[in-house]
J.: 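Before I ask anything, here is the structure I am working with.
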Amino acid sequence: YGMYPGPLQMQYLSVQSPEGGLYMGSHDAAHTPKEIEYLKTEQGVRLIYKVFTGAAKDGYRMSYPMVLGGFTDDWHDAAGIYREFATSEEVISTPKLKNNPKMTDWMKESPVVCTYAVRGEGHHAGPTQPNKLFPVKNVLPHLACYQKEFGTDILNILMQYEGTAPWAPPYVWPPMGGEAAFKEYVDALHAQGNIAGLYCSGTAWTQCASTGDGDYDRREDYIKLNLKEDICTGPRGEEWSIVCNGDSLRWGYDLCAAREKTADLLAAETKKMVEAGVDYVQLFDQNLGCAPYVCYSSSHGHPSGPGAWMVPAMQDLIKDIYEQSGAEQQNVILGCESAAAEPFMANLPLNDLRFNQTLLNGKWVPAYAFVFHEYVNNFQGNQVETTELFATDKGANHLLLRTAYSFSIGDLMTIVLTEDGEIHWAWCTRFSVPVPDQQSIITLIRHLSAWRKQAAHEFLVYGRMEKPYPIIDLETADVYRTNGSVVPFDQVLTSRFVSEAGRDVQLLVNWQQTSEQIT
């Protein structure tokens, strides 16, 4: 998960304490792949950089500076050092969002994202038969209700809708129930004023589904297409994969981003979605940060090892898919899981920012938004595995916390539905788990949505995040982990944005169900 550019979207680390902070960053304008890690030791925290030499044959010399230095105060100050480099005219190649032709009218209107699975019981393991939200049009009355309650349109993104098998890339089409029924749903969704989206599973190739669901098996196609020549290979030439293999979902390989066949396969599937009227395709789910996966092949036309070639290969792949699929012409936008890393932002203006997974290691901070919010907006994401980390039966309501946090950092808010159309804690929370209080989350989203659509537009859509002025003696609320430990979170969240016109606003977001007094 420390691979840059990809799961790690920025190429710096910082450590801070009351005595001061230490910043270490690679100021690499070419975004060369590298691993950036940290390790807790008895002496403190060790910061680690692993540099790929790109299969250099005649010696290797780093082409960019490593920057090491001190700073005072907190993570904002470290992020500010990196932002000065990363968004300088000499480095940034992404236009600001207001000038990006990929910015759609519906993004400007700040929809609330809604996502759910149309098969299974709220979890991507176990039984995968259709649930009550299938046929796909069954969700329409629920969306109409939330559209009215929230006072804004809904970007509806389906999961596990594939007519092949759950997580069977690149073949998601035809959708479960057939193309005609899906088109009827999309047309009705648009008639409501809402927006159609789909999840996909990136640059993987699934040989067969390991869930036992259906008869999905592409091993013969793999041979017919001679894909052995196009998949990522290991350092000894072996067939290998990084993504989601050996688990309960699927078995297969990763397609090399540098291969023409990879673009052809993904574009052909994306074209079917575009022709069905879909507005948003999270095509690069599983490619966290839109990571190109490591390949050591000596016959793909790239150096036989990870290196600088990976970034332009992925950039070209994204552009080819836009052009070949018709997405470019139809103003359909693509996205990825997690926020897009620097070199991929221009073509991925909206992504599934799953900040909640930071809880595996600590508490989240909006460093990505601090550096890049002017260039890309994201949404709260499906919040996968939250309830494997946070308890739902005691402590403060962390759904309210996570929703308020997304709003406060400029991201679109997201709801995840049960098969009965109720708002659930997160994706991967089984339907059998009692749902959170419905009225409190509906009320919170209604208030925040109204603010974002009107007063906050110039800040939360196009603004630049800045370090907030401190709140004095701020009270905290306890959120319980599933292991019984407690994580305190501020009862009032705060963030600060400056508009292009120079207007300066600090947000104060109360996610409690009682009024709070602050200084």
J.: Would a 4.5 Å heavy-atom cut-off, applied to side chains only, mark W167 and Q160 as touching?
T.: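 No - every pair of side-chain heavy atoms lies 4.5 Å or more apart.
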J.: Taking atom NZ as the centre, does K40 end up with more than 12 heavy-atom neighbours from other residues, nucleotides or ligands that are less than 6.0 angstrom away?
T.: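 No - once you tally the heavy atoms of other residues, nucleotides and ligands closer than 6.0 Å, there are 12 at most.
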J.: Between the main-chain N or O of L353 and the side-chain N or O of N351, is there a donor-acceptor pair closer than 3.5 Å?
T.: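 Answer holds: no.
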J.: Would you check, one step at a time, whether the test ring-ring contact (aromatic ring centres under 6.0 Å, His included) holds for F497 with H373?
T.: CA-CA 10 Å; F497 287 85; H373 185 68; 5.5 Å; yes
J.: Backbone N or O of A340 within a donor-acceptor pair of the Y368 side chain at under 3.5 Å?
T.: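 Between the backbone of A340 and the side chain of Y368 there is a qualifying donor-acceptor contact (under 3.5 Å).
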J.: Check step by step if salt bridge (Lys or Arg N to Asp or Glu O under 4.0 Å) holds for E466 and R83.
T.: CA-CA 11 Å; E466 296 292 359; R83 183 169 72 180; 3.0 Å; yes
J.: Can you tell me if E84 has over 12 outside heavy atoms packed within less than 6.0 Å of its CD?
T.: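 No - once you tally the heavy atoms of other residues, nucleotides and ligands closer than 6.0 Å, there are 12 at most.
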J.: Can you find a pair of side-chain heavy atoms, one from R452 and one from V461, that are under 4.5 Å apart?
T.: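 In contact.
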J.: Please round to the nearest 0.5 Å and tell me the distance separating atom CD of Q16 and atom CG of D73.
T.: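 Reported value, rounded in 0.5 Å steps: 10.0 Å.
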J.: Determine, stepwise, if the pair L348 / C290 fulfils side-chain contact (heavy atoms from CB on, under 4.5 Å).
T.: CA-CA 9 Å; L348 305 173; C290 206; 3.6 Å; yes
J.: Without placing hydrogens or testing angles, list every side-chain donor-acceptor pair under 3.5 Å for residues 469-480, not counting sequence neighbours.
T.:
unit_1 : atom_1 : unit_2 : atom_2 : d
Y469   : OH     : R496   : NH2    : 3.3

J.: Starting from the C-alpha separation in whole Å, work towards a yes-or-no answer on side-chain contact (heavy atoms from CB on, under 4.5 Å) for F390 and L399.
T.: CA-CA 10 Å; F390 273 176; L399 176 59; over 6 Å; no
J.: Answer yes or no: is there a donor N or O on one side and an acceptor on the other, between the side chain of S499 and the main chain of F459, under 3.5 Å?
T.: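 A pair under 3.5 Å: no.
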J.: Take a 6.0 Å sphere around CD of Q517 and say whether it holds more than 12 heavy atoms from other residues, nucleotides or ligands.
T.: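 Counting neighbours around CD of Q517, 12 or fewer heavy atoms of other residues, nucleotides or ligands fall under 6.0 Å, so no.
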J.: Looking at A346 and P95, what are the two nearest heavy atoms and their distance?
T.: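 Scanning both residues, the minimum pair turns out to be CB-CD, 4.2 Å.
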J.: Would a 4.5 Å heavy-atom cut-off, applied to side chains only, mark I415 and V113 as touching?
T.: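 I415 does not reach V113 side chain to side chain.
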J.: Please examine the side chains of R259 and I231, heavy atoms only from C-beta on, and report whether any two atoms are closer than 4.5 Å.
T.: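 Heavy-atom side-chain distance check fails, nothing below 4.5 Å.
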J.: Any side-chain heavy atom of L359 sitting closer than 4.5 Å to one from N361?
T.: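 No; the side chains remain at least 4.5 Å from each other.
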J.: Is there a ring-ring contact (aromatic ring centres under 6.0 Å, His included) between W364 and F489 once you walk through the steps?
T.: CA-CA 11 Å; W364 54 70; F489 284 90; 5.3 Å; yes
J.: Of all the heavy-atom pairs spanning E229 and S299, show the shortest one and how long it is.
T.: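 It is OE1-OG, 4.4 Å.
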J.: Using modelled atom types only, decide if a donor and an acceptor are shared between the side chain of D28 and the backbone of P65 within a distance under 3.5 Å.
T.: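 No, because the side chain of D28 does not come within donor-acceptor range (under 3.5 Å) of the backbone of P65.
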J.: Taking the six-membered ring for Trp and the full ring for Phe, Tyr or His, determine whether the centres of W425 and H398 are under 6.0 Å apart.
T.: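 Yes, the ring centres sit under 6.0 Å apart.
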J.: With rounding to the nearest 0.5 angstrom, report the OH to CH2 distance, Y405 to W511.
T.: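 Interatomic distance, Y405 OH to W511 CH2, rounded to 0.5 Å: 14.0 Å.
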J.: Please give me the minimum heavy-atom distance between P292 and F344, naming the atom from each residue.
T.: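 Closest pair (atom of P292, atom of F344, distance): CD-CZ, 4.1 Å.
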J.: For Y280 and L350, indicate whether the former's side chain and the latter's backbone hold a donor-acceptor pair under 3.5 Å.
T.: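 Yes, the answer is positive, given that a donor and an acceptor are paired below the 3.5 Å cut-off.
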J.: Determine the sole option in T414, I441, I423, N397 for which the side-chain contact (heavy atoms from CB on, under 4.5 Å) test with T403 is passed.
T.: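 Exactly one candidate clears the test, I441.
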J.: What residues, two or more places apart in sequence or in another chain, satisfy side chain to side chain donor-acceptor pair (under 3.5 Å) together with S26?
T.: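 Listed in chain order: Q11.
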J.: Identify the heavy atoms of L448 and F407 that sit nearest to each other, and give their distance.
T.: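 In terms of heavy atoms, the two residues are closest at O-CE1, 3.3 Å.
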J.: If I take atom CG from residue N378 and atom CG from residue D352, how far apart are they, to the nearest 0.5 angstrom?
T.: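 So the gap between those two atoms works out to 8.5 Å.
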J.: Could you check if a side-chain atom of H424 sits within less than 4.5 angstrom of a side-chain atom of V433, using non-hydrogen atoms only?
T.: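 Answer yes - side chains close enough.
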J.: Return the CG to OG1 distance between L255 and T262, rounded to the nearest 0.5 Å.
T.: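 One finds 4.5 Å between CG of L255 and OG1 of T262.
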J.: Can you give me the closest heavy-atom contact between L412 and S110, atom names plus distance?
T.: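 Closest approach of L412 to S110: CD2-CA, 3.8 Å.
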J.: Under the 3.5 angstrom rule, does the side chain of Y293 hit a backbone N or O of A257 as a donor-acceptor pair?
T.: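 No; zero donor-acceptor contacts below 3.5 Å.
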J.: Counting distance only, does the side-chain N/O of E35 pair as donor-acceptor with the main-chain N or O of G2 below 3.5 Å?
T.: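 Flag not set: sc E35 to bb G2 has no pair under 3.5 Å.
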J.: Flag yes if more than 12 heavy atoms outside E516 fall under 6.0 Å of its CD atom; otherwise flag no.
T.: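 Atom CD in E516 is packed in, count exceeds 12.
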J.: Is the distance between the ring centroids of Y199 and W427 under 6.0 Å?
T.: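 Here the rings of Y199 and W427 have centres that are no less than 6.0 Å from each other.
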J.: Could you please spell out the steps behind the side-chain contact (heavy atoms from CB on, under 4.5 Å) verdict for M24 and S14?
T.: CA-CA 6 Å; M24 183 166 74; S14 66; over 6 Å; no
J.: Hydrogens and angles aside, do N347 and K319 bring a side-chain donor and acceptor to less than 3.5 Å of each other?
T.: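 The answer is no; no qualifying pair exists.
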J.: When you measure from the side chain of H300 to the backbone of C295, do you find a donor-acceptor pair of N or O atoms at a distance under 3.5 Å?
T.: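 It does not hold such a pair.
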J.: Any luck finding a side-chain donor-acceptor pair between R354 and Q383 under 3.5 Å?
T.: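 Per modelled atom types, R354 and Q383 side chains form no pair under 3.5 Å.
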J.: Taking the cut-offs as 6.0 angstrom to the six-membered ring centre and 45 degrees off its axis, would you call K34 and Y64 a cation-pi pair?
T.: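 K34 over Y64 ring: yes.
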J.: In Å, rounded to the nearest 0.5 Å, how long is the span from CD of Q512 to CD of Q491?
T.: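 That separation rounds to 4.5 Å.
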J.: Counting distance only, does the side-chain N/O of S297 pair as donor-acceptor with the main-chain N or O of T233 below 3.5 Å?
T.: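 Here the side-chain-to-backbone pair does not exist.
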J.: Determine whether more than 12 heavy atoms belonging to other residues, nucleotides or ligands lie under 6.0 Å from atom CZ of R46.
T.: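 Counting other residues, nucleotides and ligands, CZ of R46 stays at 12 neighbours or fewer.
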J.: Of all the heavy-atom pairs spanning V509 and S408, show the shortest one and how long it is.
T.: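 Between these two residues, the closest heavy atoms are CG2-CB, 4.1 Å.
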J.: Could you walk me through whether I48 and K50 pass the side-chain contact (heavy atoms from CB on, under 4.5 Å) check?
T.: CA-CA 7 Å; I48 303 168; K50 300 177 183 178; 4.3 Å; yes
J.: Below 30° counts as parallel, above 60° as perpendicular, anything between as tilted: where do the rings of H457 and Y462 land?
T.: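 Aromatic pair H457/Y462 classed perpendicular.
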J.: Going by distance alone, is a donor N or O of one side chain under 3.5 Å from an acceptor N or O of the other, for D285 and S201?
T.: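 No pair is found: no donor N or O on one side chain lies under 3.5 Å from an acceptor on the other.
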J.: Assess the residue pair H31 and Y4 against the criterion (side chain to side chain donor-acceptor pair (under 3.5 Å)); give the C-alpha distance rounded to whole Å, side-chain angles, the decisive distance to 0.1 Å, and a yes or no.
T.: CA-CA 8 Å; H31 309 291; Y4 173 87; 2.8 Å; yes
J.: Step through it carefully: locate the ring centre of Y253, locate the ring centre of W240, and say whether they are under 6.0 Å apart.
T.: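 So the answer is no for these two rings.
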J.: Compare all side-chain heavy atoms of I333 with those of V281 and state whether any distance is below 4.5 angstrom.
T.: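 Contact flag for I333/V281 side chains = no.
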J.: Looking at E238 and R236, would you say the former's side chain and the latter's main chain have a donor-acceptor pair under 3.5 Å?
T.: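 Between the backbone of R236 and the side chain of E238 there is a qualifying donor-acceptor contact (under 3.5 Å).
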J.: Taking atom CD of Q506 as the centre, does the number of heavy atoms from other residues, nucleotides or ligands within less than 6.0 Å exceed 12?
T.: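 For Q506, atom CD is crowded (more than 12 foreign heavy atoms under 6.0 Å).
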J.: Within this structure, what is the OG1-CD distance for the pair T87 and E374, rounded to the nearest 0.5 Å?
T.: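 Going from the OG1 atom of T87 to the CD atom of E374 covers 7.5 Å.
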J.: Which of these, T387, T386, N382, sits in a side chain to side chain donor-acceptor pair (under 3.5 Å) with N356?
T.: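 Of the listed options, the one satisfying the test is T386.
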J.: Are the ring centres of Y12 and H27 closer than 6.0 Å?
T.: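 Aromatic pair excluded; centres sit 6.0 Å or further apart.
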